[in-house]
> 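One structure, pasted below without further comment.
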There are 2 protein chains.
Amino acid sequence: MHSTAVENYLKHLFLEQNDDGEELVAMGRLASAVGVTPGTATTMVKTLAESGLLDYEPRGGVRLTPAGRKLALHVVRRHRIIETFLVKVLGLDWSEVHDEAEDLEHVISDRVLEKIDQILNHPERDPHGDPIPTARGTIDTAEHESLATYDAGTDVSVVRVLDQDPEFLQFLARHRLRPGQRVAIQGRDEVAEAMTLRPESGNPVTIGIGKAAKILVRAATDAAPERRES
Amino acid sequence: MHSTAVENYLKHLFLEQNDDGEELVAMGRLASAVGVTPGTATTMVKTLAESGLLDYEPRGGVRLTPAGRKLALHVVRRHRIIETFLVKVLGLDWSEVHDEAEDLEHVISDRVLEKIDQILNHPERDPHGDPIPTARGTIDTAEHESLATYDAGTDVSVVRVLDQDPEFLQFLARHRLRPGQRVAIQGRDEVAEAMTLRPESGNPVTIGIGKAAKILVRAATDAAPERRES
DNA sequence: ATCTACACTTTGATATATCAAAGTCAAGGT
DNA sequence: ACCTTGACTTTGATATATCAAAGTGTAGAT
Ligand SMILES: [Mn+2]
Ligand SMILES: [Mn+2]
Ligand SMILES: [Mn+2]
Ligand SMILES: [Mn+2]
């Protein structure tokens with residue numbers, strides 16, 4: 001139906017836009033998200049505007065139309081279900097599935113997608129904690145705060161990781177900092193721009209504020225079933 | 001690495017060529033296998049010959065080089081493992097997996113392919129009985145006779161089905177004529193060009209010689225554990 | 001020996017997606 | 001008001017893959 005290129009522009013535009021999707025996304029931003037030169041993006045965007053998939057304001061930027069958003073959500077759904085499948089069923093590492101899914105998301109049929117979804121028992125989040133849009137085109141828009149906003153002495157649990165860098169993901173897994181895992185914030189040094197974390201089931205680690213900003217968390221309200229030293 | 005188009009030309013050339021791969025495949029044949037006009041095939045073939053993937057004799061035809069054959073086998077391997085996976089793991093019907101695999105065969109990484117192969121426990125044949133090339137590029141070239149060559153009174157078991165038509169595959173499944181299943185040849189009418197079969201676990205059916213030719217079988221040497229009427 | 005068909009090749013065109021580099025707009029600084 | 005500069009658009013080109021239709025070669029028929 002739509003080409004891989006078209007699907008990629010729509011998906012990246014969706015991922016770049018902010019929640020409501022009202023604000024314009026600058027062309028340069030879209031171009032670099034898609035990985036093309038600005039001139040290429042301008043050309044493609046004119047075609048997509050022509051097809052009614054997005055609104056284009058020259059020298060202003062772009063915004064998805066409802067039709068474009070629907071298509072983008074479908075691509076995101078495919079991407080995230082595929083990632084979940086690769087981890088849960090094929091046993092790949094969460095650090096390597098993003099790249100695999102980049103290609104597969106454009107060729108998996110709805111037939112196969114829904115079979116996979118069913119086998120996985122309709123997951124709500126992918127291995128990185130990203131919400132999976134439903135087949136009907138809705139998506140959980142709950143906002144989470146980043147670890148970087150928390151102070152020392154707080155207990156949180158990891159909800160989502162926004163950085164797909166394989167090395168970083170492997171680092172997080174090694175330190176027990178995956179979605180669903182709990183962490184105590186042991187210290188925070190504003191001058192060094194670093195935070196020291198004590199993962200529930202790992203050893204303390206210090207990470208920079210920049211990376212901490214990529215980790216979304218939720219305040220750990222109910223006490224975790226604390227593992228007791230015997 | 002290679003485009004979908006290139007992979008398709010090589011795969012279809014492999015499938016059209018005869019066992020040894022020594023004979024030239026006519027351009028018209030390749031073109032219609034790939035589904036393009038003859039002129040398009042000529043152009044592409046010149047490019048592939050340039051890349052050393054096939055030998056091209058103008059107005060004679062084409063033949064895979066060892067490099068082309070290796071690549072073709074890899075695509076065939078992907079196709080057949082994907083088909084097997086779709087049937088065995090995702091539970092799709094054997095009549096619908098061929099089309100799905102046509103696209104997937106060009107985007108599945110080796111990483112994912114080998115994971116799937118491992119989960120399937122290194123299958124030797126796909127759901128249609130087609131042999132699966134190994135990762136090292138060898139393929140079972142055992143020849144099987146077609147059902148059309150057998151006479152009435154013979155007992156055979158289905159090995160492979162060469163026709164991918166979904167309706168035909170569904171027909172075969174309904175009548176218990178899948179690879180691995182046994183059939184007695186009840187009658188054969190040369191004038192009507194029809195054969196009447198009695199599948200071990202189904203009701204008798206009559207099929208045309210043309211369709212019988214698409215069903216490869218093996219003489220049922222050791223007596224099947226005959227189900228006895230109680 | 002010549003002709004005729006058909007298979008094949010060539011040519012000219014189209015569609016899609018891309019880049020480099022030249023040109024343009026406009027916001028902010030002076 | 002005018003410049004400067006950076007973001008954006010336009011232009012001209014390239015790569016790949018395709019088709020329609022015109023041109024050509026050859027094997028077999030006469
Ligand atoms: Mn991803
Ligand atoms: Mn993800
Ligand atoms: Mn197939
Ligand atoms: Mn098959």
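Convention: sequence-line order gives letters A, B, ...; per-chain numbering from 1.
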> Just how far, in rounded Å, is C1' of D/dT9 from CD of A/Glu57?
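Value for this atom pair: 16 Å.
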
> Please determine whether the number of non-hydrogen atoms from other residues, nucleotides or ligands lying under 6.0 Å from atom CD of B/Glu23 exceeds 12.
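Check fails, neighbour count at 12 or below.
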
> Compute the centroid of each ring, for B/His106 and then for B/His2, and state whether the two points are separated by less than 6.0 Å.
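Ring centres of B/His2 and B/His106 not closer than 6.0 Å.
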
> NA contact type, B/Gly39, heavy-atom cut-off 4.0 Å: base, sugar-phosphate, or nothing?
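Since a base atom lies under 4.0 Å of B/Gly39, the category is base.
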
> Does B/Lys46 place a side-chain N or O at less than 4.0 Å from the phosphate oxygens OP1/OP2 of C/dT10?
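The answer is yes; a side-chain N or O of B/Lys46 sits under 4.0 Å from OP1 or OP2.
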
> Side chain of A/Val36: nearest nucleotide among C/dC19, C/dC8, C/dA17?
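That would be C/dC19.
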
> State whether A/Ser3 places a side-chain N or O below 4.0 Å from either non-bridging phosphate oxygen (OP1 or OP2) of C/dA17.
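Result: yes.
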
> Take atom NZ in B/Lys70; do more than 12 heavy atoms of anything else shown fall under 6.0 Å from it?
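No, because the 6.0 Å sphere around NZ of B/Lys70 holds 12 heavy atoms or fewer from other groups.
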
> Could you state the CG-C1' distance from A/Leu24 to D/dC8, rounded to the nearest angstrom?
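Those two atoms, CG and C1', are 14 Å apart.
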
> With a 4.0 Å cutoff (strictly under), does any side-chain N or O of A/Thr40 reach OP1 or OP2 of C/dC19?
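So the side-chain polar atoms of A/Thr40 do come within 4.0 Å of the phosphate oxygens OP1 or OP2 of C/dC19, strictly under.
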
> Across the strands shown, which category fits A/Thr47 at heavy-atom distances under 4.0 angstrom: base, sugar-phosphate, nothing?
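Nothing: the residue A/Thr47, judged by heavy atoms under 4.0 Å, touches no strand.
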
> Does a nitrogen or oxygen in the side chain of A/Tyr9 sit under 4.0 Å from OP1 or OP2 of C/dT18?
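Looking at the OP1 and OP2 atoms of C/dT18, one of them is under 4.0 Å from a side-chain N or O of A/Tyr9.
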
> When you get a sec, tell me which of D/dG25, D/dA7, C/dT18 is the closest nucleotide to the side chain of A/Met44?
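Side chain of A/Met44 sits closest to C/dT18.
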
> Contact class for B/Ala26 (heavy atom, under 4.0 Å): base, sugar-phosphate, or nothing?
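Sugar-phosphate: the residue B/Ala26, judged by heavy atoms under 4.0 Å, touches backbone atoms but no base.
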
